[in-house]
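A short write-up of the structure that comes next.
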Amino acid sequence: MSQPVLLVIAHGSRDPRHAATVHALVRRVRARRPGLRVETGFLDFNIPSVQGVLESLAAEDVREVVALPLLLTRAFHAKADIPAVLREAPARLRIRQAEVLGPSPLLTAALERRLYEAGLTPADKPSTGVVLASAGSTDPEAIAVIAEIAREWRRTGWCAVRPAFASASLPRTEDAVRELRALGCERVAVAPYVLAPGFLPDRIARGAAEADVLADVLGPAPEVARVLLERYDAARVPALAAVGA
């Protein structure tokens, strides 16, 4: 039996860096699992659209699809936008929506990778405060998840970790940077908890002006590719179990 097609669903952006980063991540996923067919669809701004990819797959007589939201938290897009698009898919397709990427220890490892690439070392952790800067959301569940990630990450040895948000929620990145400075951290680093460049990540970068270190976005980090495949495998397990029943 052939394995389901993995459809990675990205938000899309007018910023060309967004789509370029998504495609780079998908290439890494394909490299990790060469036998898996991986397609990419965008909710807005970029092509191909999710609906267009689904119609093409149906025309090729594909039957099984795992739709994976390229999102870090379960907020509006994962709860409403994406299910609505999937409901409009051709009836012949059997689609399972995978869980969003976060939270995951692998994503925390990717955040640390980016901080070390920006110049920090593991020896700097006890004297460094970190701002965990996310895009922000009006969804209380998503905000709570970010706060919990910050609490858990602090326990790995950082001087302090504070969540911050580029929109919809407070504090802003610059306020969290100042808070950590006032707390007495020797240096302050900003770790963007975002997948690709764009408007809100640029706002995070501007908010990091007074920080000592600004890490890159998660992008096509190998840990992110591993999480994608973990979510894919978890979503296809029920289908495999049903076949064996």
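These figures come from a predicted structure and were not determined experimentally.
- Residues I9 and V53 form no side-chain contact, since every pair of their non-hydrogen atoms from C-beta on lies 4.5 Å or further apart.
- A donor-acceptor pair is defined here as one N or O able to donate and one able to accept, closer than 3.5 Å; no such pair exists between the side chain of T173 and the backbone of A133.
- Put simply, the side chain of H18 never gets that close to the backbone of A196: no donor and acceptor are under 3.5 Å apart.
- Across E186 and D212, no two heavy atoms sit closer than the pair O-OD2, 4.4 Å.
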Under 3.5 Å, sequence neighbours excluded: what are the donor-acceptor pairs made by side chains of residues 40-47?
| unit_1 | atom_1 | unit_2 | atom_2 | d |
| --- | --- | --- | --- | --- |
| N46 | OD1 | S13 | N | 2.8 |
| N46 | ND2 | S13 | O | 3.4 |

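- Looking at residues two or more places apart in sequence or on another chain, you find a salt bridge (Lys or Arg N to Asp or Glu O under 4.0 Å) between R187 and D124.
- With respect to the salt-bridge test (charged N to carboxylate O, under 4.0 angstrom), the residues E60 and R37 qualify.
- In plain terms, the two heavy atoms of A235 and R96 that are nearest each other are O-CD, 3.1 Å.
- Looking at heavy atoms from C-beta onward, D202 lies in side-chain contact with R17 at the 4.5 angstrom threshold.
- Side-chain contact between V8 and E39 is absent, with no heavy atoms from C-beta onward closer than 4.5 Å.
- The residues R74 and D139 are annotated as not salt-bridged, no charged nitrogen and carboxylate oxygen being separated by less than 4.0 angstrom.
- Residues I204 and V194 are in side-chain contact: their nearest non-hydrogen atoms beyond the backbone lie under 4.5 Å apart.
- Both L71 and L86 sit in one connected hydrophobic cluster of ILVMFWY residues. Membership requires side-chain heavy atoms under 4.5 Å apart, directly or through other members.
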R30 and L36: CA distance, side-chain angles, deciding distance, side chain to side chain contact (heavy atoms under 4.5 Å, CB included) verdict: CA-CA 7 Å; R30 290 185 180 125; L36 175 63; over 6 Å; no
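- Taking 4.0 Å as the cut-off between side-chain N and carboxylate O, R94 and E64 count as a salt-bridged pair.
- Hydrophobic clustering, with ILVMFWY side chains joined whenever heavy atoms are under 4.5 angstrom apart, groups L6 together with V22.
- Of the possible polar contacts, none joining the R63 side chain to the L93 backbone as a donor-acceptor pair under 3.5 Å is found.
- Ion pairing between R178 and D175 holds under the 4.0 Å rule for side-chain N and carboxylate O.
- Rounding to the nearest 0.5 angstrom, the gap separating the CZ atom in R28 from the CZ atom in R226 is 12.0 Å.
- At least one donor-acceptor pair under 3.5 Å links the side chain of Q51 to the backbone N or O of E88.
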Give the table of side-chain donor-acceptor pairs shorter than 3.5 Å for residues 158-168, with sequence neighbours excluded, one pair per line with atom names and distance.
| unit_1 | atom_1 | unit_2 | atom_2 | d |
| --- | --- | --- | --- | --- |
| W158 | NE1 | E112 | OE2 | 3.3 |
| R162 | NE | E179 | OE2 | 2.7 |
| S167 | OG | A135 | O | 2.9 |

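- Residue pairs meeting the salt bridge (Lys or Arg N to Asp or Glu O under 4.0 Å) criterion with at least one member in residues 213-224, sequence neighbours excluded: R113-E223.
- Taking CD from E230 and CG from L106, the interatomic distance works out to 5.0 Å, rounded to the nearest 0.5 Å.
- Scanning all heavy atoms of the two residues, the minimum distance from L25 to A225 falls at CD1-N, 3.9 Å.
- Side-chain contact between V85 and D81 is absent, with no heavy-atom pair separated by less than 4.5 Å.
- Here the closest heavy-atom approach between residue L101 and residue P69 is recorded as CG-O, 4.3 Å.
- Here the closest non-hydrogen pair linking A208 and V190 is CB-CG2, 3.6 Å.
- Clustering ILVMFWY residues whenever any of their side-chain heavy atoms sit less than 4.5 angstrom apart, transitively, puts V29 in the very cluster that holds V224.
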Check against side chain to side chain contact (heavy atoms under 4.5 Å, CB included), L229 and R33: CA-CA 8 Å; L229 289 170; R33 194 169 296 182; 4.0 Å; yes
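- With rounding to the nearest 0.5 angstrom, the CZ atom of R206 is 11.5 Å from the CZ atom of R172.
- Taking CD1 of I149 as the start and OG of S134 as the end, the distance is 8.5 Å to the nearest 0.5 Å.
- No side-chain heavy atom of T128 sits less than 4.5 Å from a side-chain heavy atom of C185.
- For the atom pair L183 CG and R181 CZ, the distance stands at 11.5 Å (nearest 0.5 Å).
- Not one N or O on the side chain of Y193 forms a donor-acceptor pair closer than 3.5 Å with the backbone of T108.
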Worked check of side chain to side chain contact (heavy atoms under 4.5 Å, CB included) between V130 and L180: CA-CA 8 Å; V130 178; L180 290 172; 5.6 Å; no
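- Residues A78 and T73 come closest through the heavy atom pair CB-O, 4.4 Å.
- At least one side-chain heavy atom of P192 sits under 4.5 Å from a side-chain heavy atom of L214.
- Tracing side-chain contacts under 4.5 Å through hydrophobic residues (I, L, V, M, F, W, Y), one never reaches L70 starting from L54; they form parts of separate clusters.
- F199 forms part of a hydrophobic cluster together with L200, judged by ILVMFWY side-chain heavy-atom separations under 4.5 Å.
- Under the 4.5 Å side-chain heavy-atom criterion for grouping Ile, Leu, Val, Met, Phe, Trp and Tyr, V217 is not connected to L107 through any hydrophobic cluster.
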Going through the checks in order, is the side chain to side chain contact (heavy atoms under 4.5 Å, CB included) test met by L68 and L7? CA-CA 6 Å; L68 194 153; L7 171 58; over 6 Å; no
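- For the salt bridge (Lys or Arg N to Asp or Glu O under 4.0 Å) test, residues two or more places apart in sequence or in another chain that qualify with E148 are R151.
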